[in-house]
Amino acid sequence: MTLRTDEIAVIGGGVIGLTSAIALAEDGFRVRVLRREAAGATTSAVAGGLCWPYRIQPYERAVRWSVRSFEVLSVLARRPRETGARMVAGTMAVGTAPGDHAPRESDDGVEDGLAAWYEAVPGLRRARPEELLAGSASGWRARTPLVDMPAHLGYLERRLTAAGGTLEQRTVSSLEEAGRSAGLLVNCSGLGARDLVPDPDVHPVQGQLVVVENPGIEEWYVRADTGAADTTYLLPQPYGLVLGGTAVEHAWSREPDPAVARAIVARCARHVPALAGARILAHRVGLRPARPAVRLEAERLAGGALCVHNYGHGGAGATVAWGCADEVLRTVREIRDGDRR
């Protein structure tokens, strides 16, 4: 079957779908994004926006994708008002839980397997005692991209349409059905892949956060031990200070829990006492599309259409999006070139 490059359909309008569509469209492919809801209603819009690998496997591939995204977002951060991306200094607190993804001391100073990510972060260093927030025993200092996700998603939509891509509001009931009207599919359906593929390995990891009036915090702070249901982070965004958070496996509710919100504020206030009385601006809940490992591979569907799957990014969608988009593009090129031979 010859690949009809003028009919590539990307399923999903979050950050993974939009970046994949942009990579294809800017390479000359004609692309349309099929999305059930506008980008502002996706889980991507709820994300805190810090570029740092979190809750994603396989970790070595995720590191490579993250390094590429760091490069892209660093360039976009030169135009923060347009792109929503900024470079912001902050602290990643070192956890004590086994498998914590914060850097730990080893023979070479960085945990084996994560060296590529830490080498990609310019100026990464040990935090001095006076730079640590109250309650932090140690940590690492870095300047990384911090993305205002609602603004960034709007930028991605504009960039896609400028490249000739289109956005179509519709619900895709099956991959086979979508494949009948497109030469190739790119499945970026996130949590929807559980039913669409179907893939029972896909499940939600519920995240709740609180947006408060910023009392003057200019740097980000994160403490998120692997596997912990409660995390602590402070992310200064233009619309307020984002406080987090939670990571509850297999929880489907999108309704904020007032008790959880109070606990989030209390945890953050232990580090910054001024937050105890900060005015609350918003409560948000998102369902991270988790999977034991990201699925990024091509498959021939029952109806004959080709599908490149790109889903299961957990809590790192914004962090790995551009790296995954590059891999999607390479895969589509290989399919096209194989058909031409």
Side-chain angles (χ1 to χ4, degrees), residues 8-25 31-49 83-84 147-163 165-179 181-182 185-199 202-209 211 237 239 242 245 248 250-256 282-291 294-295 307-322 324-325 328:
I8 297 181
V10 176
I11 302 171
V15 68
I16 296 294
L18 289 173
T19 51
S20 295
I22 288 168
L24 292 165
V31 181
R32 57 192 172 104
V33 173
L34 309 179
R35 56 183 186 174
R36 181 180 56 194
E37 54 199 0
T42 65
T43 295
S44 297
V46 181
T83 69
V147 185
D148 174 349
M149 289 304 296
H152 187 60
L153 292 168
Y155 160 76
L156 295 179
E157 290 179 330
R158 295 190 299 273
R159 181 166 167 178
L160 174 63
T161 56
T166 60
L167 295 158
E168 183 177 332
Q169 199 94 4
R170 59 172 281 200
T171 297
V172 176
S173 58
S174 76
L175 294 177
E176 287 71 21
E177 175 198 355
S181 60
L185 302 178
V186 181
N187 175 25
C188 304
S189 56
L191 193 58
R194 180 178 177 89
D195 296 321
L196 185 62
V197 174
D199 185 345
V202 178
H203 65 276
V205 176
Q206 182 199 62
Q208 182 169 333
L209 55 82
V211 183
Q237 293 286 9
Y239 54 81
V242 178
V248 185
H250 302 284
W252 286 90
S253 175
R254 295 177 183 267
E255 289 298 318
H283 296 276
R284 296 179 179 173
V285 176
L287 303 181
R288 304 176 182 95
R291 193 175 186 272
V294 172
R295 188 179 185 193
C307 178
V308 179
H309 296 288
N310 182 19
Y311 65 86
H313 303 84
T319 299
V320 301
W322 288 104
C324 290
V328 166

- Message: Closer than 3.5 angstrom, by distance alone: can the side chain of Thr42 be matched with the main-chain N or O of Ala38 as a donor-acceptor pair?
- Response: no
- Please lay out, stage by stage, how Arg36 and Glu168 fare under the test salt bridge (Lys or Arg N to Asp or Glu O under 4.0 Å). CA-CA 9 Å; Arg36 181 180 56 194; Glu168 183 177 332; over 6 Å; no
- Sub-4.5 Å side-chain heavy-atom contact between Val186 and Ile8: yes
- Message: Using side-chain heavy atoms (C-beta onward) and a distance below 4.5 Å, is Leu287 in contact with Arg254?
- Response: yes
- Query: Do Met149 and Val46 come within less than 4.5 Å of each other through their side chains, counting heavy atoms only?
  - Reply: no
- Item | Min side-chain heavy-atom separation Thr166-Val33 under 4.5 Å | no
- Query: With Ser20, which residues qualify under side-chain hydrogen bond (donor to acceptor under 3.5 Å, both in side chains), at least two apart?
  - Reply: Asn310
For residues 11-19, run the donor-acceptor check on the side chains, cut-off 3.5 Å, and write out each pair with its distance to 0.1 Å, sequence neighbours left out.
| residue | atom | partner | partner atom | Å |
| --- | --- | --- | --- | --- |
| Thr19 | OG1 | Val15 | O | 2.7 |
| Thr19 | OG1 | Ile16 | O | 3.2 |

- Contact check, side chains of Val285 and Glu255, non-hydrogen atoms, under 4.5 Å: no
- Message: Just so I know, are the side chains of Gln237 and Val211 near enough to count as touching, which here means a heavy-atom distance under 4.5 Å?
- Response: no
- Item | Short side-chain to backbone donor-acceptor contact, His152 and Thr83, under 3.5 Å | yes
- Message: Any non-hydrogen side-chain atom of Leu156 less than 4.5 Å from a side-chain atom of Arg158?
- Response: no
- Please find out if less than 6.0 Å separates the ring center of Tyr311 from that of His313. no
- Query: Taking only residues two or more places apart in sequence or in another chain, which ones pass salt bridge (charged side-chain N to carboxylate O under 4.0 Å, His left out) with Arg288?
  - Reply: none
